[in-house]
Amino acid sequence: MNIQFILNGDDIQMTVDPADRLADLLKRKSLADSVHVNCGLGSCGRCMVICNGRPANACMIPAFQLRNAEIITYEGLVQTPEFLLIEKACAQHGLELCQFCKPSVYLLLAVLLEQHNRPSGDDIRQLLSAVNCRCSASEDIFTVAAAVYHLKEGRFNGHAGK
Amino acid sequence: MAMRVNEVASPKTLAEAVAFLRRHPQALPCGGCTRLLPDPAFAQKNLSLLSLGWIKELQAINRTDRYIDLGSCVSLNGVLALPNIPALDPLKKALLTIGSASIRNRATLGGNICGRDSFGSAFPALSAMEATVELRSAAGTQWLSIHDLVGQDNLPAIPAGSFLDRVRVPLRDWEHNCIVRKGPGLLPGDTNITLTIVANIEKDAISEIHIVLTGRQLVRNRALEMRLTGKKLPLPAKESENCHHDFLESAVEAGLPAGQAIAVADSVRAFLVDLSGGAS
């Protein structure tokens with residue numbers, strides 16, 4: 001079947017088997033090296049993408065549901081101002097993530113930044129639980145998540161970089 | 001192992017979905033596909049899929065004074081995001097036990113309820129809350145108690161050639177409720193069991209209590225519920241022990257492994273002890 005979707009702002013058209021998963025498509029066609037195909041059950045979170053504005057496991061998205069979807073991967077996030085905020089918060093708190101966890105955690109933090117209301121601690125923990133990160137303590141990531149949101153508020157209040 | 005898909009229909013209206021199902025009665029309706037993709041049972045089958053995610057009516061949420069209607073393709077996070085509705089507490093607690101936030105963005109309420117080989121974690125909560133469901137087929141629509149989706153053998157039994165339209169949850173507060181989920185939590189139904197208990201107290205007596213356990217089968221001991229209803233609190237220790245024993249028997253009879261059966265019976269007893277504490 002032919003599908004059409006948007007990947008990091010680019011229109012993508014391809015012929016796929018309906019049972020293909022987005023994670024496999026991205027790897028096979030070398031469209032996103034940051035997406036790691038690991039458990040295939042949606043439990044490790046290393047294939048995280050943002051699908052229509054929400055975090056989703058690429059291994060849980062069948063090709064036939066991709067039609068007209070908007071997908072953002074870590075490669076797309078790197079080009080945005082949010083990425084710089086997240087990098088800054090990580091640097092300020094000394095958080096260094098491994099190459100497997102970093103793309104997924106950054107995407108989750110980017111989703112957090114998009115929220116209009118200040119997320120509660122529980123909201124942040126719930127969201128971050130989507131990545132089974134073994135390279136860093138979850139509390140450290142939580143601290144950065146809270147810091148990222150503060151940085152964003154600072155930016156809107158004109159205090160960015162101060 | 002990848003599944004094999006012969007044909008996929010992605011209708012945009014209910015009428016198109018029904019027409020496809022009439023032509024392909026064995027087609028498998030699906031929402032977010034989070035149960036379908038990891039399930040090895042589907043890997044070797046040639047499937048015809050009816051993807052319902054594009055139908056707007058199935059994503060609608062409507063509320064009246066007495067109930068709330070949740071479309072079958074509302075995502076689990078969509079239900080969790082509903083503003084504070086105390087009556088939905090047991091359901092929300094159950095949904096929070098399912099997967100991670102990213103899975104719950106894609107998983108749908110209908111998909112959780114309509115498991116073919118085991119019950120999802122939302123089922124016991126909806127069962128305890130006395131929800132009803134609307135099924136749609138070529139013959140039209142019909143409202144059923146959620147218990148009508150349980151077959152004679154206590155296994156899920158969704159009628160072939162039909163799909164879940166919406167779930168109606170009565171807006172009735174349950175002052176006391178608890179959800180206990182046990183199992184590895186990876187594959188749906190893979191020895192996961194979920195216990196839901198909801199209860200109300202009036203004048204220091206249990207006015208109503210529902211205890212539902214699901215896994216591969218549904219366990220509900222209505223005789224036990226009836227015996228507890230009207231009982232003055234605090235319950236005597238012997239009564240809690242008897243309930244523990246009765247529920248353990250029901251769980252073992254339903255084929256639950258002894259360890260899991262004891263664990264859920266312990267949870268029932270702990271709930272009753274808490275209930276006694278709350279009333280005193």
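A note on names: the letters A, B, ... follow the listed sequences, proteins ahead of strands, and every chain is numbered from 1.
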Between CE on residue A:M60 and OG on residue B:S102, distance to nearest 0.5 Å: 10.0 Å
A:E87 with A:K102: basic N within carboxylate O range, under 4.0 Å: yes
B:N112 side chain to B:A122 backbone, donor-acceptor under 3.5 Å: yes
Chain B contact via A:L128 - side chain, backbone, both or neither, heavy atoms under 4.5 Å: neither
Residue, of B:C30, B:G53, B:A107, B:G32, that accumulates the most heavy atom pairs under 4.5 Å with chain A: B:G32
Most contacts with chain A, counted as non-hydrogen pairs under 4.5 angstrom, among B:N77, B:N105, B:L96: B:N105
Contacting region of A:C59 [heavy-atom separation from chain B under 4.5 Å]: backbone
4.5 Å side-chain heavy-atom contact, A:T80 and A:L77: yes
Contact check, side chains of A:L151 and A:Y149, non-hydrogen atoms, under 4.5 Å: no
A:M48 versus chain B, the contacting section by heavy-atom distance below 4.5 Å: side chain
Heavy-atom proximity to chain B below 4.5 Å, by part of A:D123: neither
Proximity breakdown for A:Q65 and chain B, heavy-atom pairs closer than 4.5 Å: side chain
Test: A:E114 and A:R54 ion pair at under 4.0 Å: no
